[in-house]
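Labels below follow one simple rule: chain letters A, B, ... track the order of the sequence lines, proteins then strands, and each chain is numbered from 1.
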2 protein chains.
Amino acid sequence: MKNLLLQNISKHVSLTSEEDDIIFNAFDKASLKAKTIAIKPGDEAHFTYFVLKGILRSYTIDDNGTIHILSFATPGWWVADMYSYLTGKPAVLYVDVMEDCDVLILQRSDAERLFTEVPKLERFFRILTENNLIANQQRILDKMALTAEERYEKFLQKYPDIINCLPQKYIASFIGVTPEFFSKMKSNLLRKK
Amino acid sequence: MKNLLLQNISKHVSLTSEEDDIIFNAFDKASLKAKTIAIKPGDEAHFTYFVLKGILRSYTIDDNGTIHILSFATPGWWVADMYSYLTGKPAVLYVDVMEDCDVLILQRSDAERLFTEVPKLERFFRILTENNLIANQQRILDKMALTAEERYEKFLQKYPDIINCLPQKYIASFIGVTPEFFSKMKSNLLRKK
DNA sequence: TTTATTTCTTAATATAGATTAACAGCCAAT
DNA sequence: ATTGGCTGTTAATCTATATTAAGAAATAAA
């Protein structure tokens, strides 16, 4: 019985059971308590999480103290401070725990060793990164070309499953508006329909 | 004497001269005339360009007819409609030619064949995509957290070389403001200093 | 050189979304 | 039960940026 990680990887590349083992053993397991901060700016966060259970988010805090959410991570998703993970420099993001989590942890150094040992894993991460890149490009264009309302509707379509377990001010932050404006916008939407 | 492409790849992985040949031969060469459209939405654009000479840009046009520039590409850079290139579906972006270009063209099918033949190339593209992803994540956060002025100053620092060969309304479009506002903002900046 | 086209500037007006503030509802802890 | 802290709502006011318009400057075309 494959675990969530191997299931996830096998969506893009097929592994032998030896490869399964090599890969799985490279990960550490950890539990993270809700309302704790897993990564903060300045940390040497040279690892990535794979979420088995719970929810995390990544974000920055600007000079006014406003939070800007970059991503949410639910079971089956990856989260990291990609900058720190990929460059080996200190983190620029916060990652915190919204609901108690079980995660698998992959250190960058182990990932690099694995890439040579199991080239198919390098392929998997290439594809994962490619898909992530496309999504981010679209998000840049959406922020420039769409209204807050349209971005909200896209969000609803794209993440229908996590909306319910998310305070709505987090959705506001993700799509790039204040919670007050978001509240008003939502009631406008209801009135229209 | 290595050409620009192989020089570029060798920044991240080191190739034997046979690998150099295999890779270089997988590319087609083409010249593109200024003011022509290389890719438009709907095209089956299952390839990526590597720029040897000239400048291209990628962008979308929204419902109001406004252009939103996603990227510029100068010699040594890659451009594609990543969505079409990676998924094999029709393009979503425009790519057009700002100055007469010489480009190398890599078809996705050839890239995939090469990845197996020369795993180091897969590594190169993984790294390229990773770096691109980091830059895009930062751009998302910048659009949410920074003012237009701050985004402009970041742009100046990041792309000091291409500013001069760029109509300023293109810079405005890249950082996500109208040309009128950009003009006003620039004269404010001058007055301040 | 003259004309035409595109780009840039300035200014008036408009608007999407931010800010501030006050209040109501909801949990969790005392 | 009551306090205190989050979260969401509503409303007034404010601001960064958009829109519209018109002229000036620069480039390209004739």
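- Per the geometry, CE belonging to M98(B) stands 15 Å off C1' belonging to dT27(D), to the nearest Å.
- A salt bridge links R108(B) to E130(A): at least one charged side-chain nitrogen sits closer than 4.0 Å to a carboxylate oxygen.
- Atom-to-atom, CE of M144(B) to C1' of dA16(D) comes out at 18 Å; the value is rounded to the nearest Å.
- Spacing between atom CD of Q168(B) and atom P of dA25(D) amounts to 15 Å, rounded to whole angstrom units.
- As rounded to whole Å, 12 Å separates atom P of dT7(C) from atom CG of L166(B).
- Residues F124(A) and K11(A) form no side-chain contact, since every pair of their non-hydrogen atoms from C-beta on lies 4.5 Å or further apart.
- A salt bridge between D100(A) and K33(A) is present, with a side-chain N of the basic residue lying under 4.0 Å from a carboxylate O of the acidic one.
- In this structure, the nucleotide among dT9(C), dC8(C), dT10(D) sitting nearest to the side chain of K169(B) is dC8(C).
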Next item on the list: Go through the steps for Y59(A) and D96(A) under the test side chain to side chain donor-acceptor pair (under 3.5 Å), then give the verdict.
Entry: CA-CA 9 Å; Y59(A) 58 96; D96(A) 75 10; 3.0 Å; yes
Notebook entry, point to check: Under the side-chain contact (heavy atoms from CB on, under 4.5 Å) criterion, do V79(A) and S71(A) qualify, and how do the steps go?
Noted result: CA-CA 8 Å; V79(A) 225; S71(A) 71; 4.3 Å; yes
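- Both cation-pi conditions hold for R57(B) and Y170(B): the charged atom is under 6.0 angstrom from the six-membered ring centre and inside a 45 degree cone around its axis.
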Check: Which parts of nucleotides 24-30 of chain C does protein reach within less than 4.0 Å, heavy atoms only, written one letter per nucleotide 5' to 3' as B for base, S for sugar-phosphate only and - for none?
Finding: -------
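- Under a 4.0 Å N-O distance rule, the pair D142(A)/R139(A) does not qualify as a salt bridge.
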Atom pairs under 3.5 Å: protein N/O with N/O of nucleotides 15-21 of chain C:
from: dG17(C); atom 1: OP1; to: A148(A); atom 2: N; distance (Å): 3.3
from: dA18(C); atom 1: OP2; to: T178(A); atom 2: N; distance (Å): 3.0
from: dA18(C); atom 1: OP2; to: T178(A); atom 2: OG1; distance (Å): 3.1

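- Going from atom CD of E150(B) over to atom P of dA16(D) covers 12 Å, rounded to whole Å.
- The residues E117(B) and R113(B) are annotated as salt-bridged, a charged nitrogen and a carboxylate oxygen being separated by less than 4.0 angstrom.
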